[in-house]
Amino acid sequence: MGTSNRYTLLKALAAVLMAAFLLLCTDSSARERKRSKETLPQKPDTTKVASVVYTDEFLDTVKITKKILINDYTTIGVQYGVGMNAMSFNPPKKQGSLITPVNFGVTVTNYGKMFGFLPYFGLQAGFFYGQDGYLFKQNKEGDFPYDVDGAIKCIYDVVEGDLLTLFHADVWRIRLMANLGIYGGYRMKIQRWGDEMDQQYATSFHDYERRMDYGAKFGAGIGVIFDPIEVVFKADYKWGWSSLYRPDYVSEYYYRFAYPSDFLFSVGVHFQLSKRTGKTKPQLRREARQIVYNPEPAQQ
């Protein structure tokens, strides 16, 4: 074989080896890219996620950061109280404290936010059956120097309703609160005691006596919260604006007045009609559905 033929054969063999090497390198690179693609984390395909329906049980397992929020919510409650009653007389008359253990009521309270973000306010409406009245003091000789038409003691049975504005601050499970508002009532029954009085009016009203009652009410209290039950201890003061009788019934020149001036100490049990704090289960499920079905795109 000549030198020329050998050179040609070597060139062909070199070309074949070069082609085989390039083919091997190309195949190796393709396999490496495939392995890298399989090991790298894949971006979720939201088009597929959107077609999946998740159950409420699954959505309840999605972790969502909870914040302690006081919601707008309503309570209904019952309360019992004991009154310490007196009258603001003009001309003044010395009195003792008349204790009346009959005071029952039902209240509906709505707690809300002022300007949408200040959870310190509320409104309360109540309906009550209770008592008020007066009791005069004896002097050292055992006599009663003061009376009203011969009566030294008087108790009225009263029904009344009130509408109060509430201010409160919640610290953990303790609530500090104050209230201010108005009330209106009606004196249903009367019972009087006294040796000098006309006994036919022991349980009936004179024509000059006023049976309507109204005025202002304000007070303060403390509540202990055991969701969904709240126990509230309160002290209220009732300042009447309607005198017990017509001012001129004795004399058209010298007017007489007698305005209720009562304290009421009460305890109430209130039941929450919706969640007081945090998000409700439907709210959490809506947020979970938003996270699952519409995930936020990952930041680059």
Side-chain angles (χ1 to χ4, degrees), residues 44 46 49-50 52-81 103-130 160-183 217-236 264-297:
T46 58
V49 172
V52 180
V53 177
Y54 292 96
T55 64
D56 288 345
E57 288 74 14
F58 171 78
L59 293 175
D60 290 342
T61 65
V62 177
K63 289 189 102 180
I64 298 175
T65 302
K66 293 183 179 180
K67 297 180 180 179
I68 298 177
L69 302 171
I70 298 180
N71 302 321
D72 295 350
Y73 73 104
T74 302
T75 67
I76 184 168
V78 293
Q79 76 173 47
Y80 167 75
N103 192 286
F104 304 94
V106 178
T107 62
V108 176
T109 309
N110 179 260
Y111 295 97
K113 302 180 184 67
M114 181 173 284
F115 308 120
F117 68 95
L118 296 174
Y120 310 118
F121 302 93
L123 289 174
Q124 183 179 89
F127 183 77
F128 305 92
Y129 177 85
E160 69 179 46
D162 62 24
L163 182 62
L164 307 177
T165 300
L166 302 180
F167 308 90
H168 68 95
D170 295 7
V171 182
W172 190 56
R173 294 191 177 276
I174 302 298
R175 169 175 295 153
L176 304 177
M177 57 192 303
N179 58 263
L180 172 66
I182 57 175
Y183 78 92
K217 181 184 285 189
F218 49 91
I222 183 170
V224 184
I225 302 170
F226 307 97
D227 297 325
I229 295 175
E230 303 177 5
V231 181
V232 178
F233 303 89
K234 288 179 61 181
D236 289 303
L264 177 67
F265 304 93
S266 63
V267 57
V269 179
H270 303 258
F271 302 89
Q272 299 168 1
L273 302 183
S274 57
K275 284 178 67 69
R276 169 181 166 266
T277 60
K279 299 174 182 177
T280 63
K281 185 168 285 189
Q283 288 175 324
L284 292 173
R285 283 178 179 170
R286 281 196 296 271
E287 291 190 16
R289 192 173 288 108
Q290 177 70 21
I291 292 172
V292 172
Y293 289 110
N294 301 293
E296 294 182 359

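- The ring pair (Phe, Tyr, Trp, His ring centres under 6.0 Å) search around His270 returns none, not counting sequence neighbours.
- For Phe128 and Phe104, the gap between ring centers reaches or exceeds 6.0 Å.
- Between Ile76 and Leu273, some side-chain heavy-atom pair lies under the 4.5 Å cut-off.
- Listed here is the closest heavy atom pair of Leu163 and Ala125: CD1-CB, 4.3 Å.
- Here Ile225 contributes atom CD1 and Asp170 contributes atom CG; the two are 4.5 Å apart, rounded to the nearest 0.5 Å.
- Taking CG of Asp236 as the start and CG of Asp162 as the end, the distance is 8.0 Å to the nearest 0.5 Å.
- Met177 is not listed as a side-chain neighbour of Gln124, based on a closest heavy-atom distance of 4.5 Å or more.
- Of the candidates Asn71, Thr75, Asp72, Thr75 is the only one forming a side chain to side chain contact (heavy atoms under 4.5 Å, CB included) with Tyr111.
- Taking 4.5 Å as the limit, some side-chain heavy atom of Phe121 sits within range of a side-chain heavy atom of Phe167.
- Within a 6.0 Å radius of CD1 in Ile182, other residues, nucleotides and ligands contribute 12 heavy atoms or fewer.
- If you take CG on Leu166 and CG on Leu123, they are separated by 7.0 Å, rounding to the nearest 0.5 Å.
- Shortest non-hydrogen contact noted between Lys234 and Leu164 is NZ-CD1, 4.3 Å.
- Atoms CD1 and CG, on Ile222 and Leu176 in that order, are 5.5 Å from each other to the nearest 0.5 Å.
- Counting heavy-atom neighbours within 6.0 Å of Tyr120 OH, excluding the residue itself, gives a total of 12 or less.
- Between Ile174 and Val224 the shortest side-chain heavy-atom distance falls below 4.5 Å.
- Taking OH of Tyr129 as the reference point, atom CD of Glu160 lies at 12.0 Å (rounded to 0.5 Å).
- When side chains are defined from C-beta on, Gln79 does not count as touching Val232, because their heavy atoms never get closer than 4.5 Å.
- Ion pairing of Arg173 with Asp227 is present here, as a side-chain N (NZ or NE/NH1/NH2) and a carboxylate O approach within less than 4.0 Å.
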